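Because the structure is a prediction, the values reported are computed rather than measured. In the text below, chain A, chain B and the rest are named by the order of the sequence lines, each starting its count at 1.
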Amino acid sequence: MTDNYHKIWQTVLAVPAGKVASYGQVADLAGLPGRARLVGKSLGMAPTSMQLPWYRILRSNGQLAFAKGSESAERQKGLLQTEGVVVMNNRVRLKEFQWQPDLGEILFKLDF
DNA sequence: GGTGTGACAACAA
DNA sequence: TTTGTTGCCACAC
């Protein structure tokens, strides 16, 4: 089912700037509980042409999904900080920046 | 239509 | 905290 990708992308687009979400969280909201890995894959497949805020997606523990020194990790860090998210030592304080989805917000942006 | 593969998660040590 | 192990299952070949 390739439409899962669309659901995932939509969900990612719903994450507000200045906040982050975990892969599992996105999977859940996309109606794909337990498919966290699929989220990662779909982000990887996503055409750069559609500006997807992939950088707002982190691991469940708040770490960036990329290796510490990697290009991507640095780029992600930069983008996040642009939005006011503090990234230290390749990780974010979820306690402060994790997106707490608002029911209305969900229903508005994604209607399944 | 069988196999290998993840930008993961949860748990253990 | 970091590293390793295991479970997971849709997706690309």
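Between A:N4 atom CG and C:dC8 atom P the separation is 19 Å, expressed in whole Å. Whole-Å rounding puts the A:L64 CG to B:dA7 C1' distance at 10 Å. Atom CZ of A:R35 and atom P of B:dA7 are 17 Å apart (whole Å). The distance between atom CG of A:L43 and atom C1' of B:dG6, rounded to the nearest whole Å, is 12 Å. Atom NZ in A:K41 sits about 10 Å away from atom P in B:dT5, given to the nearest Å. The distance from atom NE2 of A:H6 to atom P of C:dA10 is 17 Å, rounded to the nearest whole Å.
The stretch residues 71-79 of chain A has no heavy atom under 4.0 Å from DNA chain B, so no residue of it qualifies as close. Applying a 4.0 Å cut-off to non-hydrogen atoms, none of the residues of residues 80-103 of chain A approaches DNA chain B.
Using a 4.5 Å cut-off on side-chain heavy atoms (C-beta onward), A:S22 and A:L58 make no contact. Counting only heavy atoms from C-beta outward, the side chains of A:P53 and A:E83 never approach each other to under 4.5 Å. With contacts defined as side-chain heavy-atom distances shorter than 4.5 Å, the pair A:V39/A:T11 does not qualify. For the pair A:N89 and A:K68, the minimum side-chain heavy-atom distance is below 4.5 Å. Looking at A:F97 and A:V87, their side chains never come closer than 4.5 Å, going by heavy atoms from C-beta outward. Residues A:V85 and A:Y55 form no side-chain contact, since every pair of their non-hydrogen atoms from C-beta on lies 4.5 Å or further apart. Put simply, the side chain of A:Y23 does not reach to within 4.5 Å of the side chain of A:L38, judged on heavy atoms.
Taking the salt bridge (Lys or Arg N to Asp or Glu O under 4.0 Å) definition, one finds that A:K19 meets it with nothing, sequence neighbours left out.
Atom CE of A:M88 sits in a sparse spot, with 12 or fewer heavy atoms from other residues, nucleotides or ligands closer than 6.0 Å.
Atom CG of A:L107 and atom CD of A:E105 lie 10.5 Å apart (nearest 0.5 Å). Note that CD of A:Q76 and CZ of A:R56 are 11.5 Å apart. Values are rounded to the nearest 0.5 Å.
Base-pairing analysis of DNA chain B finds the following stems of at least three consecutive Watson-Crick or G-U pairs, with both pairing distances under 3.5 Å: B:2-6 with C:9-13, B:8-13 with C:2-7.
Residue order along DNA chain C, read from the 5' end via each residue's closest nucleotide, puts A:Q63 first among A:M45 and A:Q63.
Closest non-hydrogen pair, A:L52 versus A:W9, comes out as CD2-CD1, 3.3 Å.
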Going 5' to 3' along nucleotides 8-13 of chain B, which nucleotides have protein heavy atoms under 4.0 Å from the base (write B), which only from the sugar-phosphate (write S), and which from neither (write -)?
BSS---

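For the salt bridge (charged side-chain N to carboxylate O under 4.0 Å, His left out) condition, the pairs that include at least one residue of residues 70-82 of chain A, sequence neighbours left out, are A:E74-A:K77.
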